[in-house]
Every structure is written in structure tokens, then in C-alpha cells.
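For reference, the structure is listed below as C-alpha cells.
All residue numbers refer to positions in the sequence shown, counting from 1. Note that these values count all heavy atoms, side chains included, but never hydrogens, waters or copies made by symmetry.
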Amino acid sequence: MTAATPKGERRRQALVEAASELLVEGGFDAVRHRAVAERAGLPLASTTYYFDSLDELITAAVEFHGRAELASCRERLAAISDRLADDDVLVELVLDLLVGQDVTDTEPILLRYERLVATGRRPYLRPLMHVLSKELHELIAEIFHRAGRDIARERVEELIALVDGTMVNAFIELKPDPRGVAARMLRSALSRHT
């Protein structure tokens, strides 16, 4: 990898952001050298100049996207901490973090879950996914802490599994509002246990 100059850093970052956009829009198969270079407005050779392999570029894109989502949620958490006692606000923030903020279109949510499942077929992503998963769990625990509901690590895992399972099942059953189904399930679980 080469990017020692400010110009090189900007170009490398442009490639990472372009790859991240393609990943979100079309999954792993959409991230190809030519598509990334075109999206970034750079020559095709730049992808191999700044990245030793497509796997390295994909890893950078996954990390960029994952960290951007975590940062966005942290900003929202800071802005609405005083309203987290309201279950609706709490549920929506957790769902924004787990399934994304777009509530009008199920396609990005479906692509998100396809991406997460496909990550399992890419061993080179496992170390990064382990780190991002840990940060996600910590952020969810922080959300509940700020809501005045300290929960154990195991409970965080249960809530994530509940949301993920509900979303996948809603897709299988072709329910028109999978996020709404997940919100109802999460509200129900919170009223019983936390």
C-alpha cells in the first residue's frame, strides 16, 4: 500500500469511500477495481497502486462504513440522551444502529443483512468484524446505560439476536415492514426484561 503524501492519502480515502458506497449499494460483488476507480473518479491503476489486493480494499471499505455507522449513532446518542427513558426513542436508536436509519425502503436493510451473512465467507474480514462487533456491543450497552437500564453483555447479545432473527424472518415471510416488526418485538422484550 502506498499513500505517504497528502494527495496520496486523499486518493486512497476516495477509493475507500467509493468502495464503501458500492458495498452498501450492491454488496461484495459490486466492489471491483474498475467500479471503485470509476466511482472515485480515478484511473483504474490507482486501486492496485494504493491497495495490495481487492481483499485489502474491501476490508478498508467495511471498516470505513462500520466506523461511520458507529460514529453516527454516537452523535445521535449524545443528542438524545435525555430522551432515552422513552421506550420509543430507545428502540428507534437501537434499530438505527442494528438495521440502519432508512425506514422507508427495505432494500438497503436487505442488502445490509446479505452483506453481514456474506462476511462469513471472507476469512480476511474476521479480525475486523470481531473488533467492530465488540464496539457495537459496547455502544448498545452504553445506550441502555444512558437510558438508566444497565444490562449485561449476554442481554445485549440476546437483544441483537432478537432483532436480527426478527428481521430475517420478516424477509422470509415477505412482511412489508420488517423494521416495524423488529420494533414491536424489541419493545415487547424490553417491557418484560429490562
Side-chain angles (χ1 to χ4, degrees), residues 20-21 23-28 61-122 125-194:
S20 175
E21 291 169 8
L23 181 68
V24 170
E25 293 168 9
F28 289 103
V62 168
E63 181 171 17
F64 174 80
H65 183 69
R67 295 213 179 279
E69 284 189 329
L70 290 168
S72 174
C73 189
R74 284 186 190 102
E75 288 175 12
R76 292 200 48 233
L77 175 59
I80 65 171
S81 283
D82 59 332
R83 296 183 12 232
L84 287 174
D86 180 337
D87 277 357
D88 289 337
V89 174
L90 176 62
V91 165
E92 289 304 314
L93 183 59
V94 170
L95 288 178
D96 285 352
L97 183 57
L98 294 178
V99 302
Q101 295 183 28
D102 187 355
V103 296
T104 59
D105 186 5
T106 60
E107 186 65 18
I109 300 171
L110 183 57
L111 282 167
R112 178 189 196 97
Y113 276 94
E114 287 175 355
R115 241 184 2 263
L116 290 172
V117 170
T119 298
R121 292 194 181 117
R122 290 165 173 79
L125 286 174
R126 288 182 188 146
L128 172 62
M129 294 309 290
H130 179 73
V131 169
L132 291 175
S133 177
K134 184 175 186 264
E135 291 180 24
L136 171 74
H137 284 72
E138 290 169 355
L139 183 53
I140 290 174
E142 175 67 17
I143 290 168
F144 279 93
H145 173 74
R146 291 201 190 181
R149 301 179 181 205
D150 287 324
I151 60 175
R153 182 179 52 83
E154 295 80 16
R155 183 68 174 140
V156 171
E157 291 174 6
E158 289 171 6
L159 293 174
I160 292 171
L162 173 72
V163 170
D164 288 343
T166 301
M167 292 299 295
V168 170
N169 191 54
F171 284 126
I172 291 168
E173 294 181 1
L174 303 174
K175 294 189 177 176
D177 181 17
R179 184 185 162 112
V181 175
R184 286 191 297 280
M185 294 291 283
L186 187 53
R187 278 188 196 90
S188 176
L190 293 177
S191 68
R192 288 192 311 266
H193 295 98
T194 51

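- Rounding to the nearest 0.5 angstrom, the gap separating the CG atom in Leu136 from the NZ atom in Lys134 is 12.5 Å.
- Using a 4.5 Å heavy-atom cutoff, the side chains of Ile109 and Pro178 are not in contact.
- Scored by the side-chain hydrogen bond (donor to acceptor under 3.5 Å, both in side chains) test, Glu135 finds Arg67 as partners (sequence neighbours excluded).
- Atom CG of Leu77 and atom CG of Leu70 lie 12.0 Å apart (nearest 0.5 Å).
- Atoms CG and NE2, from Leu132 and His65 in turn, are 10.5 Å apart once rounded to the nearest 0.5 Å.
- Ion pairing of Glu69 with Arg74 is absent here, as no side-chain N (NZ or NE/NH1/NH2) approaches a carboxylate O to less than 4.0 Å.
- Looking at Asp82 and Arg146, no side-chain N of the basic residue comes within less than 4.0 Å of a carboxylate O on the acidic one, giving no salt bridge.
- To the nearest 0.5 Å, atoms CG (Leu23) and CZ (Arg112) are separated by 11.0 Å.
- When atom types are taken as modelled, the side chain of His137 and the backbone of Ser133 share a donor-acceptor pair closer than 3.5 angstrom.
- Side-chain atoms of Glu157 and Arg153, non-hydrogen and from C-beta on, do get closer than 4.5 Å to each other.
- For Arg76, the side-chain hydrogen bond (donor to acceptor under 3.5 Å, both in side chains) partners at least two apart in sequence or on another chain are Asp96.
- The two atoms that bring Cys73 and Ile143 nearest to each other are SG-CD1, 4.0 Å, heavy atoms only.
- By the 4.5 Å heavy-atom criterion applied to side chains, Leu90 and Arg149 are counted as neighbours.
- How far CZ of Arg179 is from OG1 of Thr166: 13.0 Å, rounded to the nearest 0.5 Å.
- Met129 places none of its side-chain heavy atoms less than 4.5 Å from the side chain of Arg126.
- For the side-chain contact (heavy atoms from CB on, under 4.5 Å) with Leu98, the lone residue among Ile160, Leu186, Leu93, Leu159 that qualifies is Ile160.
- Considering CE of Met167 and CG of Leu162, their distance stands at 11.5 Å, rounded to 0.5 Å.
- Both tests do not hold together for Arg115 against Phe28: distance to the six-membered ring centre under 6.0 Å, angle to the ring axis within 45°.
- Taking 4.5 Å as the limit, some side-chain heavy atom of Val163 sits within range of a side-chain heavy atom of Val99.
- Classification of Arg187 and Glu92 as a salt-bridged pair holds, one side-chain N sitting under 4.0 Å from a carboxylate O.
- Of the candidates Leu190, Leu84, Asp150, Leu190 is the only one forming a side-chain contact (heavy atoms from CB on, under 4.5 Å) with Phe144.
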